[in-house]
Amino acid sequence: LGLVQYAALLCGKNDILGSSQLGKAIISCLKNRFDSAKLQSGVYATYYGLVAFRTEPVQLCTSMLCQGFDAGMSVGESGAAFFNAIQHVK
């Protein structure tokens, strides 16, 4: 989760390409190595809510934020789940 927060920080400093590449690497690592719904919710909220909408299609971002909400609610991480929902509505 710390690395995806760093990607959001890079995005805030106008390094959009670097933050997007780092975020994609983090998402790939999350899917291939950890497969944790608890981590997925927080990572999706941060990446797809703060970084990816600048480089990825909006439809993809909204779909992934919905998946993050579902993953968070399924493991009891309501804070991260509702952060996904807030980013989805924005």
Side-chain angles (χ1 to χ4, degrees):
L1 188 58
L3 281 174
V4 78
Q5 290 172 340
Y6 180 69
L9 178 75
L10 286 177
C11 192
K13 294 187 179 238
N14 291 327
D15 185 7
I16 308 268
L17 182 61
S19 64
S20 178
Q21 290 174 343
L22 180 59
K24 287 178 183 178
I26 294 163
I27 295 294
S28 175
C29 184
L30 177 71
K31 288 181 180 177
N32 294 331
R33 293 192 181 191
F34 296 108
D35 195 31
S36 170
K38 194 170 188 178
L39 287 174
Q40 181 183 7
S41 184
V43 169
Y44 279 20
T46 306
Y47 177 66
Y48 289 106
L50 302 175
V51 177
F53 72 92
R54 297 172 192 230
T55 58
E56 301 290 332
V58 174
Q59 296 85 353
L60 173 70
C61 295
T62 58
S63 172
M64 298 311 266
L65 287 167
C66 286
Q67 285 183 20
F69 175 79
D70 292 338
M73 291 303 284
S74 71
V75 295
E77 286 288 324
S78 60
F82 284 113
F83 189 66
N84 278 283
I86 289 169
Q87 295 299 323
H88 181 265
V89 171
K90 281 172 68 178

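- Looking at Tyr48 and His88, their side chains never come closer than 4.5 Å, going by heavy atoms from C-beta outward.
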Expected list for residues 72-85: side-chain donor-acceptor pairs under 3.5 angstrom, two or more places apart:
from  : atom 1 : to    : atom 2 : distance (Å)
Ser74 : OG     : Asp70 : O      : 3.4
Ser74 : OG     : Ala71 : O      : 2.8
Asn84 : OD1    : Ala45 : N      : 3.2
Asn84 : ND2    : Ser41 : O      : 2.9
Asn84 : ND2    : Ser41 : OG     : 3.2
Asn84 : ND2    : Ala80 : O      : 2.9

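- Side-chain heavy atoms closer than 4.5 Å link hydrophobic residues (I, L, V, M, F, W, Y) into clusters, and following such links, possibly through other members, connects Val51 to Val43.
- When the side chains of ILVMFWY residues are joined at heavy-atom separations under 4.5 Å, either directly or via intervening members, Leu17 and Leu10 end up in two distinct hydrophobic clusters.
- Pairing each heavy atom of Ala7 with each of Ser19, the nearest pair is O-CB, 3.0 Å.
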Atom pairs and distances, donor-acceptor, side-chain atoms in residues 59-67, under 3.5 Å, two or more places apart:
from  : atom 1 : to    : atom 2 : distance (Å)
Thr62 : OG1    : Val58 : O      : 3.3
Thr62 : OG1    : Gln59 : O      : 2.9

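- With values rounded to the nearest 0.5 angstrom, Cys29 atom SG is found 10.0 Å from Leu39 atom CG.
- In this structure Gln21 satisfies the side-chain hydrogen bond (donor to acceptor under 3.5 Å, both in side chains) test with no other residue, sequence neighbours excluded.
- Residues meeting the side-chain hydrogen bond (donor to acceptor under 3.5 Å, both in side chains) test with Asn32, sequence neighbours left out: Ser28.
- Partners of Leu3 by side-chain contact (heavy atoms from CB on, under 4.5 Å), not counting sequence neighbours, listed by chain and number: Ile26.
- Closest heavy-atom contact between Ser36 and Leu30: O-CD1, 4.5 Å.
- In the hydrophobic clustering, where aliphatic and aromatic side chains (Ile, Leu, Val, Met, Phe, Trp, Tyr) are joined below 4.5 Å either directly or transitively, Ile16 stands alone.
- More than 12 heavy atoms of other residues, nucleotides or ligands shown are found within 6.0 angstrom of CZ on Phe53.
- Cluster annotation: Leu9 is connected to Val4 through the hydrophobic network of ILVMFWY side chains, with a link wherever side-chain heavy atoms come within less than 4.5 Å.
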- Message: Applying side-chain contact (heavy atoms from CB on, under 4.5 Å) to Tyr47 and Lys24, what does each step give before you reach the verdict?
- Response: CA-CA 9 Å; Tyr47 177 66; Lys24 287 178 183 178; 3.5 Å; yes
